[in-house]
2 protein chains.
Amino acid sequence: MQGSMDVSSGEQTPLGAFLNRIMQRSVLTADEQQAILDLPTQTVHLRGKQDFVHINEQVAYSCLVVSGVIARVGQTAKGARQITSVHLPGEMADLHSAVRPIGLGGMTALCPSTILRISHGAIRQVAARFPAIAEAFWRDCMLESAILLQWLLNVGRRDAQTRLAHIFCEVAVRLGRNRTAACQYDFPVTQEQLGDAAAMTSVHVNRSLRALHARGLLTVTRGRVTIHQWEALARAGEFDPTYLLADMEPHRQERLRISV
Amino acid sequence: MQGSMDVSSGEQTPLGAFLNRIMQRSVLTADEQQAILDLPTQTVHLRGKQDFVHINEQVAYSCLVVSGVIARVGQTAKGARQITSVHLPGEMADLHSAVRPIGLGGMTALCPSTILRISHGAIRQVAARFPAIAEAFWRDCMLESAILLQWLLNVGRRDAQTRLAHIFCEVAVRLGRNRTAACQYDFPVTQEQLGDAAAMTSVHVNRSLRALHARGLLTVTRGRVTIHQWEALARAGEFDPTYLLADMEPHRQERLRISV
DNA sequence: ATCGCTTCACGACCTATGTTATTTCCCGTA
DNA sequence: TACGGGAAATAACATAGGTCGTGAAGCGAT
C-alpha cells in the first residue's frame, strides 16, 4: 500500500502510466493529476491462468494492470468462455466497477501478471471531489466501451482470419507500437485464450494463424507477435484505429465551464 | 425546444421517463432531478429504417428515445451490418457520446420513432455542476456497457436459438415486463434486423424463431412478441437478469462524501 | 538427461449456419 | 376489390468452422 508521491517521476510508476493514458484524452490540472497519483494502492501478483475475480462476484476494488495481460471473461451455461476484454499495462481493467460493481463477469490473468488494487471508495471520492476527474474516468470507460463495440462487430460479422488480424492490430496500437511497416510485441497468450477472445476454437485459431502466416502478414511464436506488413495486415483485419485514438480536442478548451 | 418545468408530473414526459430510469440506480436530490428535467431538448421524428447518424459521423447531441426502437450499428468492409445496441423508450441511446463523440458507429431507427436531441454541452455542464449527476450518468453508461458485454458473450458463444431467446428476455425485462408466467410486448423489428442484432441471417432467424415457437416458448408475429413460459424461455436463453438490475444499494448511503 | 505437462500442429469428418431463389402472406393504397 | 411492395416462410445446396483424435514440440522440475 503506497501512493506515489513524486509527481515528476510519475511516468515511471504504474499510477503514472495510468495517468499518462488518461491525459491522452482529458485535460487535468496539476492538483487533479496529483490526486490521481495519490490514490492508495495495493500490489497483487497473479499466476498465469489465474481467475482472481469469479463471475458474479462483487468486488470493492478496481484493478490497474502493471504487467502482464488481464482479461474479463463471461461464460456460457455449457462452460464455453468468452473473453470480453483484454487489458494491457497502464490500463485499468475494471474502472467501471467503481460506479457499478455488478455484471462485469469474471477476471483472469492470461499470463503471469501484476496488478494494483484501488478501492472503489477512493476512486469515487476523487471523482466527486474533482469533476474533471469524473469526466476523465467516465471518458476512459467509454473508450473501453468503444473497443467492446468493435469486438462485437468483429465476432459477429467477420471471418476467422479477419477477426484475428483485427485483434493483433488493436493490441499493437494499444501497446503504442508505431504502425508503419513492421513491428513486434510480446503478447503471451495461448491459442486457446486467443480463441476465447475471438470466439472460436483453438484448432481454428491455429489454422487461421498459419493461414495469416502463409499470406506473409504476421508470425506468432510462443507469445511473440511479429507483424510483417502493417498496412496489409490492417487491410486484412479491416482495422481502422479511429475508435482508439486520443480524442481530447473537443474538450480541451471547454473543460469545467460551470456556470454559477 | 422546451424544458419540462413541472416536476410533479415529471414521470409522464420523456425527460421524466429518463430521470426515472436513472433514479433506479442512483440517488439524486430534488435540485439535481430538476436540473435533469430542465435540460433543453429538441424533438425529432424518424421514419422506420432511417439511418440518422452515419458511421464515423461526429455528433453534438445525445438522443433520448421517446417512442420506437433506436439501434447503434457497425458495418463490415463487405457491408455486413451488426447492431451493437438497441434502445427503448426512456433510454438515452448514446449518452456516452457526450464525453466521447467518436467511435460509436452509426445510429438508425428500426421502426418509426421519435427522439429528443440533447446537446453534449448541456449534458456535460449539468454533470460538471452536480457530481452526483456525473456519477449517475457514468453509471448509466456502464449499464449499457454491461449489456454490450452480454451481447458479445451471446453472439460469440451461443447458438442461434439460445441467442434469440436471450435477446427476447432482455428486451422484456428492459421494457419492465414482469417476468412471471406469460407476457407480451410490441417490438416492431423485422427478422432481418433481428439477424443484424444476433449476428445471423434473416433466413436463420426465421428458422430459429419457428423452432422456438415449436418448442412452445414464444411467438413472434408482426412486431408483437408473446412469451408463453417465462421460466422456460429464460432457461433456453441462459438468461440471468442480474446484469440489468437496479443496483443503487451500495451507493445509497455514501453519495458524495467529499472529504474536503 | 529424462519425465511430465502444456501448447502447437494437423488430419478426417460433421453440423450449424450461410447462400440463393421462389412462393406466400400481409397490409396499405388506389 | 384488385394492386404492389415489403416481410415471412420454405427449399436446396454450399461452406466455414466445430469436434475428435493423435502426435510432436517446448519447457520446467527433478
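In what follows, chains carry the letters A, B, and so on, assigned in the order in which the sequence lines appear, proteins first and then strands, with residues in each chain numbered from 1.
Note on A:Ala198: nothing from the nucleic acid sits closer than 4.0 angstrom, heavy atoms only.
In this structure, A:Arg177 is not positioned above the aromatic face of A:Tyr185 in the sense of NZ or CZ being under 6.0 Å from the six-membered ring centre and within 45° of the axis.
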Give every pair of a protein N or O atom and an N or O atom of nucleotides 5-9 of chain D that lie under 3.5 Å apart, one pair per line with the distance.
{"from": "D:dA8", "atom 1": "OP2", "to": "B:Gln191", "atom 2": "N", "distance (Å)": "2.8"}
{"from": "D:dA9", "atom 1": "OP2", "to": "B:Gln191", "atom 2": "NE2", "distance (Å)": "2.9"}
{"from": "D:dA9", "atom 1": "OP2", "to": "B:Asn206", "atom 2": "ND2", "distance (Å)": "3.0"}

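In this structure, the CG atom of B:Asp196 is 11 Å from the P atom of C:dG18, given to the nearest Å. Residue B:Lys78 contributes atom NZ, which lies 11 Å from atom P of C:dT19 at whole-angstrom precision. The nearest whole Å value for the distance from the CG atom in B:Leu194 to the C1' atom in C:dG18 is 17 Å. Atom NE2 of B:His204 is separated from atom C1' of D:dA12 by 16 Å (rounded to the nearest Å).
A salt bridge links B:Glu144 to B:Arg72: at least one charged side-chain nitrogen sits closer than 4.0 Å to a carboxylate oxygen.
Contact of the B:Leu15 side chain with the B:Thr41 side chain is registered, since non-hydrogen atoms from C-beta on lie closer than 4.5 Å. Side-chain contact between A:Leu110 and A:Ile83 is present, with heavy atoms from C-beta onward closer than 4.5 Å.
Side chains of A:His166 and A:Arg163: a donor-acceptor N/O pair is absent below 3.5 angstrom, by distance only. Side-chain atoms of B:Ser97 and B:Ser62 include a donor-acceptor pair closer than 3.5 Å.
Judged by atom type and distance alone, A:Arg207 does not reach the base of C:dG11 through any side-chain donor-acceptor pair under 3.5 Å.
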